[in-house]
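This chain uses plain numbering: 1 for the first residue, then up along the sequence. Values below: every heavy atom of this structure, side chains too, minus hydrogens, waters and symmetry copies.
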Amino acid sequence: FSHQQVPQPNCNTMSSGRGLSGGVSRCYGFFADFKECLKTEALVTHEDGTKGWKNNCWQVREDYFECLHAKKEWAMVRRVNEEEARQASIAAAGR
């Protein structure tokens, strides 16, 4: 039994935005929007003295992270499945 050396990725290069099949990755459009928003983002002082973000890139960031991790989508699937199970148990009890 011999152990082969597994080639390590080149950690000195950045991600290209390419997907596994060679095309553009599924979230690259969201990443590009987020990156563009961050280029012009700045902390500003409003007329009432409060500070806030000029472009509010949090909404764009949220879209990008949802594409990456799908937490909201899976939460919705879980709620739908729970409701279907609840309705099925009510229907079974009513028979």
Side-chain angles (χ1 to χ4, degrees):
F1 181 77
S2 66
H3 294 282
Q4 292 181 335
Q5 182 85 16
V6 177
Q8 296 297 315
N10 183 355
C11 296
N12 296 328
T13 60
M14 295 295 291
S15 174
S16 65
R18 296 284 178 204
L20 293 175
S21 63
V24 175
S25 68
R26 66 186 171 89
C27 297
Y28 184 75
F30 292 104
F31 170 73
D33 291 345
F34 182 45
K35 184 173 131 181
E36 287 301 312
C37 186
L38 288 176
K39 283 182 180 179
T40 58
E41 185 65 290
L43 191 60
V44 295
T45 303
H46 300 289
E47 291 178 9
D48 62 359
T50 60
K51 293 188 183 274
W53 295 106
K54 176 180 148 190
N55 294 331
N56 198 9
C57 290
W58 287 104
Q59 295 165 344
V60 182
R61 177 189 180 273
E62 189 173 317
D63 291 342
Y64 173 51
F65 275 66
E66 176 59 24
C67 180
L68 288 175
H69 306 293
K71 289 184 177 187
K72 291 178 184 177
E73 179 183 3
W74 284 109
M76 176 63 77
V77 168
R78 191 170 38 256
R79 286 192 302 269
V80 167
N81 289 340
E82 288 169 355
E83 180 62 19
E84 286 176 347
R86 186 186 73 81
Q87 289 181 11
S89 68
I90 291 172
R95 289 183 185 181

query = Who pairs with Ser89 by side chain to side chain donor-acceptor pair (under 3.5 Å), at least two apart in sequence or on another chain?
reply = none

key: Set of side chain to side chain donor-acceptor pair (under 3.5 Å) partners for Asn81, sequence neighbours left out   = none

request  = With sequence neighbours excluded, give me every salt bridge (charged side-chain N to carboxylate O under 4.0 Å, His left out) pair touching residues 30-42.
outcome  = Glu36-Lys39

key: Phe34 side, atom CZ; Tyr28 side, atom OH - distance, nearest 0.5 Å   = 14.0 Å

ask   = How long is the gap from SG on Cys37 to CZ on Arg61, to the nearest 0.5 Å?
value = 12.0 Å

ask   = Would one find more than 12 heavy atoms of other residues, nucleotides or ligands at under 6.0 Å from atom CD of Gln87?
value = yes

query = Taking all non-hydrogen atoms of both residues, which atom of Phe30 and which atom of Asp63 are closest, and how far apart?
reply = CD2-CB, 3.8 Å

inquiry  = Testing the basics here: between Cys57 and Leu38, what is the closest heavy-atom pair and its distance to 0.1 Å?
reply    = SG-N, 3.7 Å

Distance-only check: which donor-acceptor pairs under 3.5 Å involve side-chain atoms of residues 65-76, not counting sequence neighbours?
unit_1, atom_1, unit_2, atom_2, d
Glu66, OE1, Lys71, N, 3.4
Glu66, OE1, Lys72, N, 3.0
Glu66, OE2, Lys72, N, 3.4
Glu66, OE2, Glu73, N, 3.1
Lys72, NZ, Glu62, OE2, 2.1

key: Listed partners of Glu83 passing salt bridge (Lys or Arg N to Asp or Glu O under 4.0 Å), at least two apart   =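 Only Arg86 meet the salt bridge (Lys or Arg N to Asp or Glu O under 4.0 Å) criterion with Glu83.
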
key: ring pair (Phe, Tyr, Trp, His ring centres under 6.0 Å) partners of residues 75-95, not counting sequence neighbours, each pair once   = none

